[in-house]
Amino acid sequence: MKLYNTLSKRKEEFVPLEARKVKMYVCGPTVYNFIHIGNARPMIVFDTVRRYFEYKGYEVNYVSNFTDVDDKIIKKAIEEGVSANEISQRYIAECKKDMAGMNIKPATTHPLATEEICGMVEMIHKLIEDGYAYEKSGTVYFRTRRFKEYGKLSHKNLDDLQSGGRSLLITGEDEKEDPLDFVLWKPKKEGEPSWESPWSDGRPGWHIECSVMSKKYLGEQIDIHAGGEDLVFPHHENEIAQSEAANGKEFSKYWMHNAFLNIDNRKMSKSLGNFFTVREISEKYDLQVLRFFMLSAHYRSPLNFSEELMEASKTGLERIINAVDNLKHLIGATKTVAMSAEEQKLLDATSVYVSDYEKAMEDDFNTADAIASIFELVKYVNTTVHVEQSKEFFQHLIALIVKLTDILGIIVDKAEELLAKDIEILIEERQLARKDKNFQRSDEIRDELLKQGIVLEDTREGVKWKKA
RNA sequence: GGCGCCAUAGCCAAGUGGUAAGGCAAAGGUCUGCAACACCUCUAUCACCAGUUCAAAUCUGGUUGGCGCCUCCA
């Protein structure tokens, strides 16, 4: 399996630290509002990475944090006149709802920054002891130039950064030894939540939390650290500096970063205000469609979001779901149970789609290509099956499609809802009307059912229905 | 100013040296009372220029256009 490592700027063969195990950490959202669809991209992408590893038999320890202490959370709390904790708890709960809708597996552990302050204080203390950090008026800074490899992830050198000019201007008035130093701990301001520390009552800087939580739940060394590409610098660069300075060993072997989701080819971000929340999208689409849409491009390519593209994704996803529905219908329609030798051969022929699929996934999780294999399988199924074949054959085909879509977190085999008795009666009546060529009545019934969200399809094998 | 990415059909999107996957849309057809589903048919020389090579979308150089990071941000 190959994956692109931001650290080396190339695809590398994945070799786990420990056989058959993957330790991965994905930077999670700051919870001060509903998550937007840009936040959803890494969640979907790395959940898919996790699912593929699990499919390959790895045991994945997947840790993803919630940043629940932050300026924006405090600001929101003040606006609403409630506690910061209330805000973060609320949006963690909402975020989990959205994640469930997108079929994102809960992480093995979802740590909260506010519950790990103790570990942060410890790590900061160690960094000061070793000369990697220093305190000025209650604020603790990381001494960036002391960490010789600073810049290795983002491939920047310190002098370039400094000559950039902007950082100098912005940080001109504080007490840093060097403009590139960053905050590990800062004193509270009036009314802010705070924790005790040897330096001041205050709260941790943003970067230290991930270093600490990763260490606590996964150990000093992990396999994969992931997040959005904007986190490469400074967040992940700083994490490396903190963790490697404190632990004295390589922090993460592989660094994976997803590209951005754009709207009208512009970056979507909270500060630009051009964003959609996942919740908004869920009012119009099944979030499965959003997930399918996100996986239709490679995770390292920018992806443009629009309603038109969502519609296309919806139709495409329906094509796969229809194939499965059709198979389920055939299972009910056929009388043959056991699979014939001929059918076994037809089934064996599907292995090419599975191997294409795996090949795509093993090449840095090329989900776009993997989806193409699924479509090819769907086409094969649609052109191969007919009602004289066996239940067993159809069941195998369903299982195959489900296997491949499930790795992508796409649900195609929705649990059958029971048809209400009166709906069944209506379908029966419509069939009689059609037999009598009373098409007015049959269309009436179809329209009526449509109003209730039931779509009827007349096929050679009888009437099929599905939810609209 | 520094660092970096991208440019493939109407749209989306794979493909990174051997002659263009897949999906959506559009068109024609089969099936069907109609519709829907499904199936069949059909649509590209890969931004531009120059070079390397028997061979380039794929490598090199340049041009144009778009974007990202360097500042909270997935």
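Computation of the quantities below employed the complete heavy-atom set of this structure, encompassing side-chain atoms and omitting hydrogens, waters and symmetry-equivalent molecules. Here is the naming used below: chain letters follow the sequence lines, and residue numbers restart at 1 for every chain.
None of A:F251, A:Y254, A:Y62, A:F46 except one satisfies the ring-ring contact (aromatic ring centres under 6.0 Å, His included) rule with A:H225; the exception is A:F251.
Sorted by first and then second residue, the pairs that involve residues 90-103 of chain A and meet side chain to side chain donor-acceptor pair (under 3.5 Å), not counting sequence neighbours, are A:E80-A:R90, A:E94-A:K97, A:E94-A:R279, A:D98-A:R279.
The nucleotide whose nearest atom lies closest to any side-chain atom of A:A312 is, among B:C24, B:A74, B:C70, B:C24. Counting only heavy atoms from C-beta on, A:K156 has its side chain closest to B:G2 among B:A21, B:A74, B:G2. In the set B:A21, B:A74, B:C70, B:C70 carries the atom at the smallest distance from any side-chain atom of A:F233.
The separation between A:F305 atom CZ and B:A13 atom C1' is 17 Å, rounded to whole Å. Rounded to a whole Å, the CZ atom of A:F375 is 11 Å from the C1' atom of B:C12. Nucleotide B:A74 holds its C1' atom 11 Å from the NZ atom of A:K72, rounded to whole Å. One atom, CG of A:D363, and another, P of B:U58, lie 19 Å apart when rounded to the nearest Å. Distance A:M43 CE to B:A74 P: 9 Å, rounded to the nearest Å. A:H235 places its NE2 atom 21 Å from the P atom of B:G68, with the value rounded to the nearest Å.
Residue contacts shown for A:I374 are absent, as no nucleic acid heavy atom lies under 4.0 Å away. Residue A:A372 is classed as a base contact, given a heavy-atom separation below 4.0 Å to a base. Backbone-only engagement by A:G227 is indicated by non-hydrogen atom pairs under 4.0 Å involving sugar-phosphate atoms exclusively.
The stretch residues 286-297 of chain A touches RNA chain B through A:S296, A:A297, each having a heavy atom under 4.0 angstrom from the strand.
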Which parts of nucleotides 26-38 of chain B does protein reach within less than 4.0 Å, heavy atoms only, written one letter per nucleotide 5' to 3' as B for base, S for sugar-phosphate only and - for none?
-------BBBBSS
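At least one side-chain nitrogen or oxygen of A:N366 sits closer than 4.0 Å to the OP1 or OP2 atom of B:G15.
A distance-only check finds no donor-acceptor pair linking the side chain of A:S214 to the backbone of A:S211 [under 3.5 Å].
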